[in-house]
**Q** 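Please see the structure below; I have some questions.
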Amino acid sequence: MIKIDGTRVLQSPDKSFSGDVVLTQQGVNVFAVEALDDEGNVKRLNLPIIYDSLNPVLSNIQPDGAGVVYQQTGDVQVSVSSNEALQSLEVNTQSMTILNNAQSDFSATVSYSTSGIKNLDFSSVDLAGNTGAAAGQFELVIDNVSPILTFNPALPALTNQSQVLVNVEVVDDIPTNVVMSVNGVNVVNNTNATLLRGENTIVVSATDAAGNESSIQGVVFYDGDAPSTQLSLSDGHLTNQSSISIRTSIYDVSSVVSGLYLNGNLVQSSTLNVFDTVLSLNEGVNTVILTSQDEAGNLATQKTINVILDTVPPILSNIRPTTGGVVGIPTLDVFLSAESNQQLQ
């Protein structure tokens, strides 16, 4: 004999027993089962049965539509949560993976071919066969084009200014994050960046909302020093040669243009750091001027020297004894006068 909650159930011809029970509450319902054989032996057990007639509740849909979803491709990660274990779950008729009965959060990749407003339709079936549904909507923008970056104005390759304007124009159809640095130090866009002497590296990188990346780099050489100049002749140089050679030496980190002037006339222009010039001098004082400017625009201090040409020999007069004079002693004093443009040796 079999009893369920004290009520005897009937035996079928195949010697199985069956009976109706009433589930009175959602969740676990426990029934007492008692089996009694002809010898009076009794077997008792509790039979728990879970009653679930409620539809599953789906929530926390992502994307939630609060913002635009930017993707390089049309593959969008979507997710949803359930308040109970599920035996099946679909989004837009696409099955979502269910790992186990303890799982409450579910995700899948949904592919789209175009941008626009997209609908998400979820349908679910719980372990008891109850069905649930939920819907969401979001805006999708598919963009696989990298940002276009341009220095505007263009960076100078060489400058004699201690600061340079760093401004980058960004062309992109979607929001873009830009990071700029000068010699490894981050700066904001459209700023006057302070340069170090020598080579300065400016790097700009951009990443748009879809993850597309691009970067540009510029190098600016800062030369704030004027050329150092040297002439091989010193100021006041005296010569009796009407044609003499002078060597010019220029020291600078960049290329230079130099000019050598004699008495106001340009006699040689050169881009060499060392060059020789033959000067044709006038009698008397000759003024030599050296100018130099480097590629960065720095002007050297003008160097001026005077070179004196004296080709006139000294004039001797009032010589005593006179030329051809006869003297009777072996030793005598000679007297004369001398005139010269320069100090006699």
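For the single chain, residues carry numbers from 1 onward in sequence order. Owing to the predicted nature of the structure, the values given are computational and were not obtained by experimental measurement.
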**Q** Can you list every pair that meets salt bridge (Lys or Arg N to Asp or Glu O under 4.0 Å) and has a residue in residues 179-197, with sequence neighbours left out?
**A**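 The answer is R197-D225.
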**Q** Among all residues two or more places apart in sequence or in another chain, which pass the side chain to side chain donor-acceptor pair (under 3.5 Å) test with S111?
**A**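 Once residues adjacent in sequence are excluded, the partners of S111 under the side chain to side chain donor-acceptor pair (under 3.5 Å) criterion are D75.
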**Q** So, do N282 and N263 sit near enough that their side-chain heavy atoms are less than 4.5 Å apart?
**A**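 Yes - at least one pair of side-chain heavy atoms lies under 4.5 Å apart.
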**Q** Side chains of residues 114-122: which donor-acceptor partners sit under 3.5 Å, not counting sequence neighbours?
**A**
residue : atom : partner : partner atom : Å
T114    : OG1  : K118    : NZ           : 3.3
S115    : OG   : I142    : N            : 2.8
K118    : NZ   : T114    : O            : 3.2
N119    : OD1  : Q137    : NE2          : 2.8

**Q** Indicate every side-chain donor-acceptor pair of residues 230-241 with a distance under 3.5 Å to a residue at least two apart or in another chain.
**A**
residue : atom : partner : partner atom : Å
S232    : OG   : R247    : N            : 2.8
D235    : OD1  : N306    : N            : 2.7
T239    : OG1  : Q241    : N            : 2.9

**Q** In the structure I gave you, are the side-chain heavy atoms of T201 and V203 within less than 4.5 Å of one another anywhere?
**A**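 A side-chain contact under 4.5 Å exists here.
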**Q** Once side chain to side chain contact (heavy atoms under 4.5 Å, CB included) is applied, do any residues pair with Y261, and if so which ones, sequence neighbours excluded?
**A**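 Expected list: L266, I289, T291.
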**Q** Which atoms form the tightest heavy-atom contact between V22 and F31, and what is the distance?
**A**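 Scanning both residues completely, I find the closest heavy atoms to be O-CZ, 3.6 Å.
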**Q** Determine which pairs satisfy salt bridge (Lys or Arg N to Asp or Glu O under 4.0 Å) with at least one residue from residues 152-174, sequence neighbours left out, and list them in order.
**A**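 Residue pairs with at least one partner in residues 152-174: there are none.
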**Q** Less than 4.5 Å apart, side chain to side chain, heavy atoms only: is that true for N273 and Y251?
**A**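 Counting from C-beta outward, N273 and Y251 never come under 4.5 Å.
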**Q** Is there a side chain to side chain contact (heavy atoms under 4.5 Å, CB included) between L262 and N265 once you walk through the steps?
**A** CA-CA 5 Å; L262 177 62; N265 298 312; 5.7 Å; no
**Q** Could you list all the salt bridge (Lys or Arg N to Asp or Glu O under 4.0 Å) pairs where at least one residue sits in residues 131-141, not counting sequence neighbours?
**A**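 Passing the test, one end in residues 131-141: no pairs.
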**Q** So, the side chain of N286 versus the backbone of G284: is there a donor-acceptor pair under 3.5 Å, distance only?
**A**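 A pair under 3.5 Å: yes.
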**Q** If we only count heavy atoms from C-beta on, is the V69 to Y112 side-chain gap below 4.5 Å?
**A**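 No; the side chains remain at least 4.5 Å from each other.
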**Q** Partners of S292 by side chain to side chain donor-acceptor pair (under 3.5 Å), sequence neighbours excluded?
**A**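 Once residues adjacent in sequence are excluded, the partners of S292 under the side chain to side chain donor-acceptor pair (under 3.5 Å) criterion are S258.
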**Q** At their closest point, which heavy atom of Q302 faces which heavy atom of T304, and how far apart are they?
**A**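 Shortest heavy-atom contact: NE2-OG1, 3.6 Å.
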**Q** Is any side-chain heavy atom of I148 closer than 4.5 Å to one of S214?
**A**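 No, too far: nothing below the 4.5 Å cut-off.
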**Q** Under a single-linkage definition using a 4.5 Å side-chain heavy-atom cutoff for Ile, Leu, Val, Met, Phe, Trp and Tyr, are F275 and L279 assigned to the same hydrophobic cluster?
**A**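 Different hydrophobic clusters.
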**Q** Without hydrogens or angle criteria, can the side chains of D105 and S81 be said to hold a donor-acceptor pair below 3.5 Å?
**A**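 S81 and D105 do have a side-chain donor-acceptor pair below 3.5 Å.
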**Q** Could you give the distance from CG (L290) to NZ (K303), rounded to the nearest 0.5 Å?
**A**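 Rounded to the nearest 0.5 Å, the CG-NZ separation comes to 7.5 Å.
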**Q** Using modelled atom types and a 3.5 Å cut-off, is there a donor and acceptor pairing between side-chain atoms of D294 and backbone atoms of S255?
**A**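 No, the answer is negative, given that no donor and acceptor are paired below the 3.5 Å cut-off.
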**Q** Applying side chain to side chain contact (heavy atoms under 4.5 Å, CB included), name anything that partners L158, two or more places apart in sequence or on another chain.
**A**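 Per chain and number, L158 pairs via side chain to side chain contact (heavy atoms under 4.5 Å, CB included) with F221, D223, S254, E295, A296.
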**Q** Same cluster for L281 and V278 if Ile/Leu/Val/Met/Phe/Trp/Tyr side chains link at under 4.5 Å?
**A**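 As far as the 4.5 Å side-chain criterion goes, V278 and L281 are not connected within one cluster.
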**Q** Which is it for D126 and T131 under the side chain to side chain contact (heavy atoms under 4.5 Å, CB included) test, yes or no, and what are the steps along the way?
**A** CA-CA 6 Å; D126 65 16; T131 60; over 6 Å; no
**Q** State whether a side-chain donor-acceptor pair under 3.5 Å links S53 with Q26.
**A**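 Note: S53 and Q26 side chains meet the donor-acceptor criterion.
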**Q** Rest of the hydrophobic cluster containing V170 (Ile/Leu/Val/Met/Phe/Trp/Tyr, side-chain heavy atoms under 4.5 Å)?
**A**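 Traced through the cluster, V170 reaches L149, F151, L155, V164, V166, V168, V178, M180, V182, V187, L195, I202, V204, I216, V220, Y222.
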**Q** Show the nearest heavy-atom pair for residues E213 and S146, with the distance to one decimal.
**A**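 Reported closest heavy-atom pair: O-OG, 3.1 Å.
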**Q** Tell me if a side-chain donor or acceptor on N29 pairs with a main-chain N or O of Q25 at a distance below 3.5 Å.
**A**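 Confirmed, N29 side chain pairs with Q25 backbone.
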**Q** By the rule that ILVMFWY residues connect when side-chain heavy atoms come within less than 4.5 angstrom, directly or transitively, which residues belong alongside V141?
**A**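 Listed partners: V68, Y70, I174.
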**Q** Heavy atoms, side chains only, cut-off 4.5 Å: are N212 and Q72 in contact?
**A**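 Result yes, sub-4.5 Å side-chain heavy-atom pair found.
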**Q** For a 4.5 angstrom cut-off between non-hydrogen side-chain atoms, does T311 reach E283?
**A**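 With C-beta onward as the side chain, the pair touches.
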**Q** Tell me which pairs pass salt bridge (Lys or Arg N to Asp or Glu O under 4.0 Å) where either residue lies in residues 76-93, with sequence neighbours left out.
**A**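 Listed by first then second residue: nothing to list.
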**Q** What pair of heavy atoms forms the shortest contact from N298 to A226, and how long is it?
**A**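 Distance-wise, the nearest heavy atoms are CB-CA, 3.6 Å.
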**Q** State whether the side chain of N167 and the backbone N or O of N152 hold a donor-acceptor pair below 3.5 Å, judged by distance alone.
**A**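 Looks like yes, one N/O pair under 3.5 Å.
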**Q** For the CD atom of Q103 and the OG atom of S82, what is their distance to the nearest 0.5 Å?
**A**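 Reported value, rounded in 0.5 Å steps: 9.5 Å.
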**Q** How long is the straight-line distance from CG of N83 back to CG of N60, given to the nearest 0.5 Å?
**A**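 That separation rounds to 11.0 Å.
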**Q** Please answer whether the main-chain N or O of L54 pairs with a side-chain N or O of D52 as donor and acceptor at a distance below 3.5 Å.
**A**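 Yes: the side chain of D52 pairs with the backbone of L54.
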**Q** Establish whether L86 and L127 are linked, either directly or via other cluster members, by ILVMFWY side-chain heavy-atom contacts under 4.5 Å.
**A**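 Hydrophobic grouping puts L86 apart from L127.
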**Q** Return the OG to CD distance between S107 and Q62, rounded to the nearest 0.5 Å.
**A**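 Result: 11.5 Å between the selected atoms.
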**Q** Can you see which heavy atom on P227 is nearest to which on Q293, and at what distance?
**A**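 For P227 versus Q293, the nearest heavy atoms are CG-C, 4.2 Å.
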**Q** What are the two closest non-hydrogen atoms of T229 and A300, and how far apart are they?
**A**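 Distance-wise, the nearest heavy atoms are CG2-CB, 3.9 Å.
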**Q** Can you check whether V274's main-chain N or O pairs, donor with acceptor, with S249's side chain at less than 3.5 Å?
**A**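 Looks like no, no N/O pair under 3.5 Å.
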**Q** So how far is it from L272 CG to I250 CD1, rounded to the nearest 0.5 Å?
**A**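 The distance works out to 10.0 Å.
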**Q** Quick check: does any side chain N or O of N200 sit under 3.5 Å from a backbone N or O of N183, one acting as donor and the other as acceptor?
**A**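 Absent.
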**Q** With a 4.5 Å limit on heavy-atom distance, are the side chains of I246 and I244 in contact?
**A**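 No, every pair of side-chain atoms sits at 4.5 Å or beyond.
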**Q** When rounded to the nearest 0.5 angstrom, what is the spacing between CG in D276 and OG in S245?
**A**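 The CG atom of D276 sits 4.5 Å away from the OG atom of S245.
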